[in-house]
Amino acid sequence: MMPDLGKYAVAVLLAYGASLVLLAGLVWASIRRGARVRAQLHTIEARRSAAAAQPPAATDATQGKGARVHG
Amino acid sequence: MSIWEYANPVKFMRLSGALLPWVAIPAAAALAVGLVWGFFLTPDDFRQGSTVKIIFVHVPAALMAVNAWFMMLVTSLIWLIRRHHVSALAARAAAPVGAVMTLIALITGAVWGQPMWGTWWAWDPRLTSFLILFLFYLGYIALWEAVPDPETAADLTSVLCLVGSVFAVLSRYAVNFWNQGLHQGASLSVAPGERMDMTYKLPLYLCMVGFALLFVALVLLRTRTEIRARRIKALLARERMA
Amino acid sequence: MRALLIRDLRLAMRAGGGFGLALSFFLLVAVLVPLGVGPEARVLALIAPGILWIGALLACLLSLDRIFALDFEDGSLDLLVTAPMPLEGVVSIKALAHWLVTGLPLTLLAPVLGVLLHLPGPGYGWLVVSLLVGTPALSVIGTFGAALTVGLRRGGLLMSLLVLPLYVPTLIFGAEVVKRGALGFDTTTPLLLLAGITLGAAALLPFASAAAVRINLR
Amino acid sequence: MRALLIRDLRLAMRAGGGFGLALSFFLLVAVLVPLGVGPEARVLALIAPGILWIGALLACLLSLDRIFALDFEDGSLDLLVTAPMPLEGVVSIKALAHWLVTGLPLTLLAPVLGVLLHLPGPGYGWLVVSLLVGTPALSVIGTFGAALTVGLRRGGLLMSLLVLPLYVPTLIFGAEVVKRGALGFDTTTPLLLLAGITLGAAALLPFASAAAVRINLR
Amino acid sequence: MELVVRDLAVARGGVRVLEGLSFSLSAGRALVLRGPNGIGKTTLLRTLAGLQRAEAGEMSLPPEAMAYAGHADGIKPTLSVAENLEFWAAVHGTVLTGAVLGAMDLAALADRPAQSLSAGQKRRLGLARLLVSGRPLWVLDEPTISLDAASVGLFVAAVRAHLAGGGAALMATHIDLGLAEAAVLDLAPFRATGGGFDGIADGGFGGGFDGGPAGAFG
Amino acid sequence: MELVVRDLAVARGGVRVLEGLSFSLSAGRALVLRGPNGIGKTTLLRTLAGLQRAEAGEMSLPPEAMAYAGHADGIKPTLSVAENLEFWAAVHGTVLTGAVLGAMDLAALADRPAQSLSAGQKRRLGLARLLVSGRPLWVLDEPTISLDAASVGLFVAAVRAHLAGGGAALMATHIDLGLAEAAVLDLAPFRATGGGFDGIADGGFGGGFDGGPAGAFG
Ligand code: HEM
Ligand SMILES: Nc1ncnc2c1ncn2[C@@H]1O[C@H](COP(=O)(O)OP(=O)(O)OP(=O)(O)O)[C@@H](O)[C@H]1O
Ligand SMILES: Nc1ncnc2c1ncn2[C@@H]1O[C@H](COP(=O)(O)OP(=O)(O)OP(=O)(O)O)[C@@H](O)[C@H]1O
Ligand SMILES: [Mg+2]
Ligand SMILES: [Mg+2]
């Protein structure tokens, strides 16, 4: 299976190993951050559409406080 | 309908979402086949021995390192001139990918240098200019991170990318002053004066295609993430104002 | 514009010695290197051109944050931007003021430090010439870096990171002039290139710097 | 006190990568020296121990102004002085935070830069050990320098001037450890002296720093 | 000299804060902006002064007609009061007269370094800059902060004289200046409703980041 | 908890500004300092807070009883509102409660980085710090700067609650707070007459530089 790399085995394996680790790390980090940001966006959008669906109770509670100061 | 349509984030999200698997899967396939071919199925070079196999990661990474900066330069210009947010975010998304490519080229080169030149590192012009390129990537990324306002950050990094490109070329020229260096030219030949054999060329091309597709896939993915992060920021800000 | 130059120079003087401090830093680098590297004259002579140029460069670099940061913090920069002067002119004047309080005195001090580092005889003249031609580029490029980081609290280290790669060509050509000069070789090519960088940077970078300042004030 | 440490670390992170920037500067010095001095491996190997220590020292130095200046400018320092914590503790914590974001990462990066400067093989271990033992002294001494210059607008360069002479013993012993180590000689004496400096500085200087802060706020 | 604002929208930190704002201000008139903390007075004034971009709408005023004074005064602590003012006079091509110093009761302080002034004295110095600028349109952000009653009186007198001389003034303030002839504009009705960033005005960027239905971004 | 001041003299920049000042402040009471710009209110408050030395006279108050809030708010721009307050709470060994955020109407801003606040919002954050400090004696220098009418109302309510809880407050301000129960101390009668620096209180330095007959130094 493993090709005979001769006396340079360490160098070749190191080069391939380091490259693959770096690439895999980059891909993994990109995907993970993508998933996180996406999940966060979904919760925020869900919250917004929930607030939009039933305006009376939910928004008055939050807006009332703001209005008192700024009014 | 013009290409600038896709500078609209919503349209970009739709298109890139559809496109992503069509780039990612071929990228994975090309990389897998190319690297396996290069690593397992190529013969040793009569002079370099098995180290010649390093070329299949070293050269594609080096190419993409330069191309990524070039892409950032183009997208920065588009942002500065036409102010398409997606363009700026694509530049931001590409920078870490380019930096990793540069790092891979540097590391594989260093590992290659140890058996070939007897040293991990030499201040050879090409190597040096890559190190400087890496520094440019670091500075560019740090500037993005340091500026809180996204639009300001996009403007500043674009200006830096522009000015930095000029100085990167100048440095490349300046380091040539020392000597012509140990490093091979861009002749696609393993040993000077000798055309590279097809046995190496084919897997090398395949790896190049793989790296390029991987770059595109990662940039698409990361740009989508950046756009969503911007939307989160905008929605939260709007929520606070309510 | 003249008023701005005079003000900047005066401020540099009053803030506890504008001249003195860049000079002292240069001196300290020249002193620290023999301490760290060891005292052999042969080794020091070998590295003297490079170290002197690097010392000058770092001394320049360390004083860059004075260019805009104070004016930004106390609101003067807002006022200068709305004043009846082109912002490109303002940044050029500020680069000039920076050169007058750092680059110029560094150039004059350099030969003295050359002695500390055992710079070979013919190198002294070339050291002064190369610094005189090259340090304006350092100020202009540095002004650009300072403009990029002007709004950031303590952007100092970030600025160093942005500016140092931009300094690379200037450093290489500058040190090359001294090295060749010290060995008695021909210095025309690197000197011309150095002058080219200085002129190009002085002609074009103020536009980039002014743009960066405007962006940062938004 | 723990709250202060956590806050300072958090501020360092948020300000665009506290870790990253000192590291990058260190990297830049290690890159600039060959650019200035020239690419010959033999020469570089000779000066590598000294240059690496000088680079670490300068990277430390450049980040010193973050220790107090921001807290002074926004009035936090006034409030910390009147808070129920001994000021000696406050300055010690600030020195510790500074070491954690500069000295420690510098130590870890140093071997990589050793490669760039062709540091001879046995030197790597000693480089790490000497930096690990010596950089805390740099942070503590630097905190003292920062305390002395806290009220001065842009005291940065002045601070460098005050601090660099104080850094000299640390630099000499630190570089000596690496030099001897690289050549395979005995390193006990300089290493012990280095440790002595660090311990002495950490035990005594906080009192001086606290006094300096108090005086400067008056 | 007339300032006309039509359907203006301004944003800070990427968030639209005011929109649909229209007003005009002609020579000899003063307009006081009112509104609670955080409604966007500072943002509006900075936009009018050209320090940041308008989100939408139009504003027209003659070039170089405006003198802006924000929260920060742009005072150089190491320069004397007279030197500070002389600099701004030189920038604007005017000269500093005794009348200006008298108008803000600075005559006795003229030779004092600005750093030794009290908060209110500093503010008076900042306001005196408006007088030496010679510009017709004053744009002032909370000009009377830190001023005692007598100094507020001086300021109001200076504004009256400015209006009488054909000038105009736009100010944001929370206190009652006793400037009866000034019109008052309450900003509360113009608070942005959160519809920002998806208008057509945002050149070529229809859709925006906070527009569109949930799920538009996948 | 009682603050007693007897025959106090305070100086700034080496010049005595107030002298012969005596007053006392006990739990549940508030005292408002009044006086024109530059009379020495800030100097007096900083002296009471222990940030500078008294020229002469005595002051007594229990240790660690005082929370000082000066012209600068000690806000970290990169930390959120809640993080800023949590830090000060940890320093003073208290915890941040929703009641504190509510009292200064910061609940809606809790997660915002402090740098994105408007001037008045920042000030509210600065005042909220007093609440988390848990200290009985508030020493406030122009606390209502930048606040709109509603926020001044919040501040006055907070002071009232503090007094009712057995606290005390000493404030310098130029505006009328509508805090009817507060005593007012006009500083004008205590303006130093220039006889400073030669009293016996000036420990060991009798005579001073401005005492004695003309020609005494001749
Ligand atoms: C760490 C340092 C190194 C860096 C940054 C580096 C960089 C590069 C770059 C940028 C290329 C692309 C050239 C092009 O196609 O235009 C390249 C190609 C190449 N490098 Fe390196 N290199 C390094 C070390 C090495 C070493 C030590 C060797 C082998 C002894 C090596 C062998 C090659 C070969 C054979 C090519 C292909 C040349 C061709 O296109 O024909 N490199 N390298
Ligand atoms: N990055 C940001 N994200 C969200 N909102 C922001 C951001 N930056 C600023 N804001 C908000 O923008 C609004 C406008 O601030 P501005 O300073 O213009 O108010 P102002 O009217 O001058 O208030 P003040 O009277 O307190 O000075 C504030 O509510 C502020 O909180
Ligand atoms: N170095 C100095 N030499 C002479 N006078 C000085 C010096 N430094 C400060 N002063 C003066 O000391 C006085 C006291 O200043 P302080 O800041 O205490 O006044 P304040 O009552 O707080 O005024 P404000 O209401 O304007 O804040 C001022 O008149 C100031 O000009
Ligand atoms: Mg405001
Ligand atoms: Mg005051």
Side-chain angles (χ1 to χ4, degrees), chain A residues 1-52 54-71, chain B residues 24 27-28 31 35 38-44 48-58 60-61 93 96-97 99-101 103-116 211 214 217-232 235-236 238-242:
Chain A
M1 185 67 237
M2 197 66 190
D4 176 23
L5 296 171
K7 59 179 173 172
Y8 300 131
V10 178
V12 177
L13 288 176
L14 203 62
Y16 272 76
S19 308
L20 289 180
V21 166
L22 279 173
L23 282 181
L26 179 65
V27 170
W28 179 74
S30 305
I31 290 176
R32 202 179 67 139
R33 171 147 187 272
R36 281 196 178 166
V37 168
R38 187 185 173 134
Q40 201 188 346
L41 180 60
H42 283 320
T43 53
I44 290 171
E45 286 192 332
R47 195 165 73 211
R48 274 167 55 87
S49 24
Q54 13 147 267
T59 37
D60 256 337
T62 48
Q63 273 183 349
K65 210 191 304 153
R68 183 166 51 83
V69 220
H70 294 299
Chain B
L31 271 180
L35 288 178
F39 187 75
F40 291 103
L41 305 177
T42 50
D44 288 357
Q48 305 197 29
S50 63
T51 59
V52 70
K53 294 175 194 291
I54 297 177
I55 203 172
F56 303 111
V57 278
H58 176 76
V97 185
V100 169
M101 293 294 175
L103 200 56
I104 290 178
L106 283 172
I107 291 178
T108 53
V111 171
W112 202 348
Q114 175 58 22
M116 285 303 108
F211 267 76
L214 177 69
L218 281 173
V219 170
L220 282 180
L221 175 67
R222 297 176 63 92
T223 309
R224 287 167 64 78
T225 306
E226 296 294 346
I227 289 175
R228 289 200 179 107
R230 270 300 293 277
R231 180 167 170 86
I232 289 175
L235 289 181
L236 285 180
R238 193 204 260 199
E239 238 170 44
R240 279 195 222 101
M241 287 185 44

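All of these numbers come straight from a predicted model, not from anything done at the bench. Lettering of chains follows the sequences in order, A, B, ..., and the numbering in each one begins at 1.
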Completion exercise
Heaviest contributor of heavy-atom pairs below 4.5 Å to chain A, chosen from B:Leu31, B:Leu221, B:Leu41, is B:Leu221
Practice task
Check side chain to side chain contact (heavy atoms under 4.5 Å, CB included) between A:Val27 and all other residues, then give those that pass, not counting sequence neighbours.
Solution key: A:Ile31, B:Leu214, B:Leu218
Practice task
Under 4.5 Å, counting heavy-atom pairs only, tell me which of A:Ser30, A:Gly34, A:Gly25 racks up the most with chain B.
Solution key: A:Ser30
Handout entry: Close side-chain approach of A:Leu22 to B:Ile107, heavy-atom, < 4.5 Å
Key = yes
Problem - Heavy-atom check, side chain of A:Leu20 versus side chain of B:Leu35, under 4.5 Å - result: yes
Problem - Part of A:Ala18 lying under 4.5 Å from any heavy atom of chain B - result: side chain
Exercise for the section: Please examine the side chains of B:Trp112 and A:Val12, heavy atoms only from C-beta on, and report whether any two atoms are closer than 4.5 Å. Expected result: no
Problem - Audit row: B:Thr225, A:Arg33, side chain to side chain donor-acceptor pair (under 3.5 Å) steps and yes/no - result: CA-CA 7 Å; B:Thr225 306; A:Arg33 171 147 187 272; 5.5 Å; no
Handout entry: Interatomic spacing from CE in B:Met101 to OG in A:Ser19 - rounded to 0.5 Å
Key = 10.0 Å
Exercise for the section: Using a 4.5 Å cut-off on heavy atoms from C-beta on, say whether the side chain of B:Ile232 contacts that of A:Glu45. Expected result: no
Problem - B:Thr108 and A:Leu14, any side-chain heavy atoms less than 4.5 Å apart - result: no
Practice task
Verify side chain to side chain contact (heavy atoms under 4.5 Å, CB included) between B:Leu235 and A:Leu41, making sure each step is shown before the conclusion.
Solution key: CA-CA 9 Å; B:Leu235 289 181; A:Leu41 180 60; 4.0 Å; yes
Handout entry: Contact class of A:Arg47 relative to chain B, heavy atoms under 4.5 angstrom
Key = side chain
Completion exercise
Taken to the nearest 0.5 Å, the spacing of B:Ile54 CD1 from A:Tyr16 OH works out to 8.0 Å
